[in-house]
Protein chains: 2
Amino acid sequence: MMRRKSVTIRDVAQLAQVSISTVSQVLNGNNQYVGEAKRDRVLAAVQALQYRPNAIARSMVKRRTATVGIMITSVMGNLFIPIVECIQEVLHPLGYNIILASTPDVESEIQAIETLKAQQVDGFIFMSFRSSRSQYRSDHLLHLKEEEIPFVVINRPLEKDYDLNQIQFNEWETGYLATKHLINLGHTSIATIGGPLDHVPPWRSAMERQRGWLEALKEQDLEVVPEWICDGRYSYEGGYKAAQQLLKHWEKEQRRPTAIFVANEHMALGALRAFYYHGVRVPHDIALVTVGDPAYAAHMFPALTTFSHPLKEAGHIATHILLDQLHSSDTLSTSIQNIVLSYQMHIRESCGAIPEPIEFRSNA
Amino acid sequence: MMRRKSVTIRDVAQLAQVSISTVSQVLNGNNQYVGEAKRDRVLAAVQALQYRPNAIARSMVKRRTATVGIMITSVMGNLFIPIVECIQEVLHPLGYNIILASTPDVESEIQAIETLKAQQVDGFIFMSFRSSRSQYRSDHLLHLKEEEIPFVVINRPLEKDYDLNQIQFNEWETGYLATKHLINLGHTSIATIGGPLDHVPPWRSAMERQRGWLEALKEQDLEVVPEWICDGRYSYEGGYKAAQQLLKHWEKEQRRPTAIFVANEHMALGALRAFYYHGVRVPHDIALVTVGDPAYAAHMFPALTTFSHPLKEAGHIATHILLDQLHSSDTLSTSIQNIVLSYQMHIRESCGAIPEPIEFRSNA
DNA sequence: CTGTTAGCGCATTCAT
DNA sequence: ATGAATGCGCTAACAG
């Protein structure tokens, strides 16, 4: 693969009639010891030759690449996009680059880490989300820590409470606040469709969101009806089936829930479909709050009342934690951070707080 | 930033009691000239020291980095994710890495190109989608071509018909086939909500999709009612307003469309809301087909009949075109490819072809 | 078959 | 203030 012979620092030096070290000085801002005249000559030569220093060569001698590796899994769905954009937003002005690695399983993650270490990346941000049994191990992360390679982990279930820089979302709180919101709207019979509680390894968000729901109910001495706790497997189909079961149950009994907390947006879509085809209107017959706030949540009818992930915050904070480590002379001196971020509520139609359909201003 | 002193090829050589070049030979598969015994010693030493060759150093001498830069804009929405995953799928087994750059505007794109060129990336894939007036220039792409740096462009509107490797989607065809599908279902009065036709620079997909709609109608000598051509600005709000106008119009006149082609999914959501609140049922009162197939399209009610972007194909083809260039000794010898891919239809409820609500198998 | 050597492009002493 | 020399870790050409 012939590539244009790139212009090097030597070419610049020659054209400017100075030595290469002078050119280097000028380019790296160590202007202090370089005379006006020569500096101008250098700058002119750089301009004339369209010279761009070879980052590879620079990296080799400086022993840093100013790039960070970002590891993601497709399981993260579209959640990672805003995070990556935030990371880029912070890192780019500082001259850092981003290498993205999509790592569907732990093996490929380990692989990717090795590759990026060989590429001499300065640090990592992990947004790789593992759920399957065999892929739960995280010792390679511990290994990274031993090697004193800076990294931050976002929303990742870990085997134990490793002492790592990590950012989590407050799953308990979102369940609690969502339910609380329904209670404040006057509901006393509140069901839930949750994620898989029997998952191995334990699916933290599923458990915590449900626990939040439960505690909100108990706090108000509201009845907890076992049949109103459904497992929707975190999936669209699961949510549909769970809602069907709920409907079947309340056809037999007289009493029925007037509100429901659905632990993610996929299940919410499934539940909505089940309700719709059974003639159960949302929010009129049953109010609904869910977690996860894709763009379409606001565009459906009813528009979904949701809790959105604090993605931007996560991105910013992760990046800054990483930068702290990158800039400190030794990794160990910077203290380990374990940050928990709150979800943000978006009140829309499905919870019944906004009774009238939202019209656009131009039609109001 | 003190980093663990990495183990070098020299350490391996010393431990294995051979010269560094022997180690290099072994590691690069040029085993042919190395004796069994020494090779084993080398391998053992590599293992013992957990040696990983420094990719940076290797890149410097080989003058290739085995990484490609991928440029995206957030405007691409979530479309780019499957594409990137496909690219990774192809490239990773070949030892290539991916550097991702999110470039919101042309300036940052040019900037990113410079940076990645300095990083010595071997090639580029552009999925950066420009629409605003000032950001339409593409001479920096021509510049890349002059420099003989391999790159491929996916779904990008260009000023002129530059002779570049590019992959496009068949916008005309999707409009034509969508309308044809409605015609085949017996509809003769078909409206459309399109994207902005007055956009500067011209928004190709908006124009082409509408042209496809028009040609399908004309082909069957169906009436083209001016009031049934609405501009939905490609947005949710725009789709909502466009549908409202349509509704207003047919309240005055007797005749009304029985089907509608909506040029993207955002407008489709807006239109659905408008229809819903006016008591117009989809597909019973009006059949709807749209372009763009996010996961929720299949989960709504009615589930949307859509045309999905051939994202995986685009990713694979782009990557292979790039690889061809990367592997050929000179870029010029490989012929320029201009590929147009078809959208794929997904027949669901909104077009009325599936009259009954889709139930899940377990309930059938 | 194996070891020695010369760079890759740059930053950085260390002399001058 | 400036330039010559050294080396980052590795590959490849060449000499043995």
Side-chain angles (χ1 to χ4, degrees), chain A residues 1-43 45-46 49-66 95 117-122, chain B residues 1-43 45-46 49-66 95 117-122:
Chain A
M1 195 179 54
M2 287 304 304
R3 185 65 65 60
R4 75 250 165 251
K5 58 187 178 325
S6 48
V7 21
T8 78
I9 197 173
R10 234 173 295 271
D11 301 321
V12 177
Q14 189 172 3
L15 181 61
Q17 296 289 350
V18 298
S19 79
I20 59 171
S21 62
T22 303
V23 178
S24 178
Q25 301 272 53
V26 174
L27 263 47
N28 291 293
N30 305 347
N31 283 339
Q32 28 183 348
Y33 299 135
V34 179
E36 282 287 323
K38 294 211 174 188
R39 205 191 58 214
D40 290 345
R41 287 220 310 271
V42 168
L43 260 23
V46 165
L49 268 50
Q50 285 289 309
Y51 169 71
R52 309 279 303 174
N54 181 325
I56 295 286
R58 170 180 283 169
S59 292
M60 186 153 83
V61 42
K62 298 197 80 160
R63 311 177 66 78
R64 60 186 291 277
T65 51
K117 272 183 2 195
Q119 300 262 21
Q120 310 298 108
V121 300
D122 295 340
Chain B
M1 193 179 56
M2 286 303 303
R3 185 63 65 60
R4 73 244 165 260
K5 57 186 181 324
S6 50
V7 19
T8 79
I9 197 173
R10 236 172 291 273
D11 300 322
V12 177
Q14 189 171 2
L15 182 60
Q17 297 288 348
V18 297
S19 79
I20 58 170
S21 62
T22 304
V23 177
S24 179
Q25 300 274 51
V26 174
L27 263 46
N28 290 296
N30 306 349
N31 282 339
Q32 27 181 351
Y33 300 133
V34 180
E36 280 287 321
K38 293 211 175 188
R39 204 190 59 214
D40 291 346
R41 288 220 308 273
V42 169
L43 260 23
V46 165
L49 268 48
Q50 286 289 310
Y51 168 72
R52 307 281 302 176
N54 182 327
I56 294 287
R58 170 180 287 169
S59 293
M60 186 152 86
V61 41
K62 299 197 78 158
R63 312 178 66 78
R64 60 185 294 276
T65 52
K117 270 182 5 193
Q119 300 263 17
Q120 311 298 110
V121 300
D122 296 340

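A, B, ... follow the sequence lines: proteins, then strands. Residue 1 opens every chain. As a basis for the values below, the full set of heavy atoms in this structure was taken, side chains included, without hydrogen atoms, waters or symmetry mates.
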- Side chains of A:Ser24 and A:Ser21, donor plus acceptor under 3.5 Å: no
- Query: For D:dG3, does either OP1 or OP2 sit under 4.0 Å from a side-chain N or O belonging to A:Thr22?
  - Reply: yes
- Item | Length of the NZ-C1' vector between A:Lys62 and D:dC8, whole Å | 13 Å
- Query: Between C:dG3 and B:Ser19, is there an OP1 or OP2 to side-chain N/O distance shorter than 4.0 Å?
  - Reply: yes
- Length of the CZ-P vector between A:Arg52 and C:dC10, whole Å: 12 Å
- The nucleotide from C:dA11, C:dG3, D:dC10 with an atom nearest the side chain of A:Ile20 is C:dA11
- Task: Please state whether the phosphate of D:dC8, meaning OP1 or OP2, lies under 4.0 angstrom from any side-chain nitrogen or oxygen of B:Asn54.
- Result: no
- Message: For a quick test of reading the model: is some side-chain N or O of A:Arg58 closer than 4.0 Å to OP1 or OP2 of C:dA11?
- Response: yes
- Message: Tell me the interatomic distance from A:Gln119, atom CD, to D:dC8, atom P, rounded to whole angstroms.
- Response: 21 Å
- Closest non-hydrogen contact found for A:Ile56 with B:Gln120 is CG1-CG, 3.3 Å
- Note on the structure: Nearest heavy-atom approach of A:Pro53 to B:Ala118 is O-CB, 3.6 Å
- Item | First encountered from the 5' end of DNA chain C, between A:Ala57 and B:Ser21 | B:Ser21
- Message: Rounded to whole Å, how long is the line connecting atom CD of A:Gln25 with atom P of C:dC10?
- Response: 15 Å
- Query: Tell me: CD1 of B:Ile56 to P of C:dG9, nearest whole Å?
  - Reply: 15 Å
- Message: Does B:Ser24 contact D:dA12 through a side-chain donor or acceptor facing the base, at a distance under 3.5 Å?
- Response: no
- Item | Considering all heavy atoms, the nearest A:Tyr51-A:Leu27 contact | CE2-CD2, 3.2 Å
- Item | Length of the line joining A:Leu27:CG and C:dT12:P, which is rounded to integer Å | 12 Å
- Query: If you check the B:Tyr51 side chain, which of D:dG3, D:dC10, C:dG3 turns out closest?
  - Reply: D:dC10
- Task: Would you mind reporting whether B:Thr22 and B:Arg41 have side-chain heavy atoms less than 4.5 Å apart?
- Result: no
- Query: What nucleotide, of C:dA11, D:dC10, C:dG9, holds the atom closest to the side chain of B:Arg10?
  - Reply: D:dC10
- Among the nucleotides D:dG9, C:dG3, D:dG7, which one has an atom lying closest to any side-chain atom of A:Val61? D:dG7
- Task: Measure from the side chain of A:Ile9, starting at C-beta and using heavy atoms only, and say which of C:dC10, D:dC10, D:dC8 lies closest.
- Result: C:dC10
- Query: Over how many whole Å does the gap from B:Met60 atom CE to D:dT11 atom C1' extend?
  - Reply: 11 Å
- Task: Taking the side chain as every heavy atom from C-beta outward, state whether B:Val23 and B:Val18 have any pair of such atoms under 4.5 Å apart.
- Result: yes
- Can you tell me if the side-chain N/O atoms of B:Arg63 get under 4.0 Å from OP1 or OP2 in C:dG9? yes
- Select base, sugar-phosphate, or nothing to describe what A:Thr8 touches, counting heavy atoms under 4.0 Å on all strands. sugar-phosphate
- To the nearest angstrom, the CD-P distance between A:Gln120 and D:dG9 comes to 9 Å
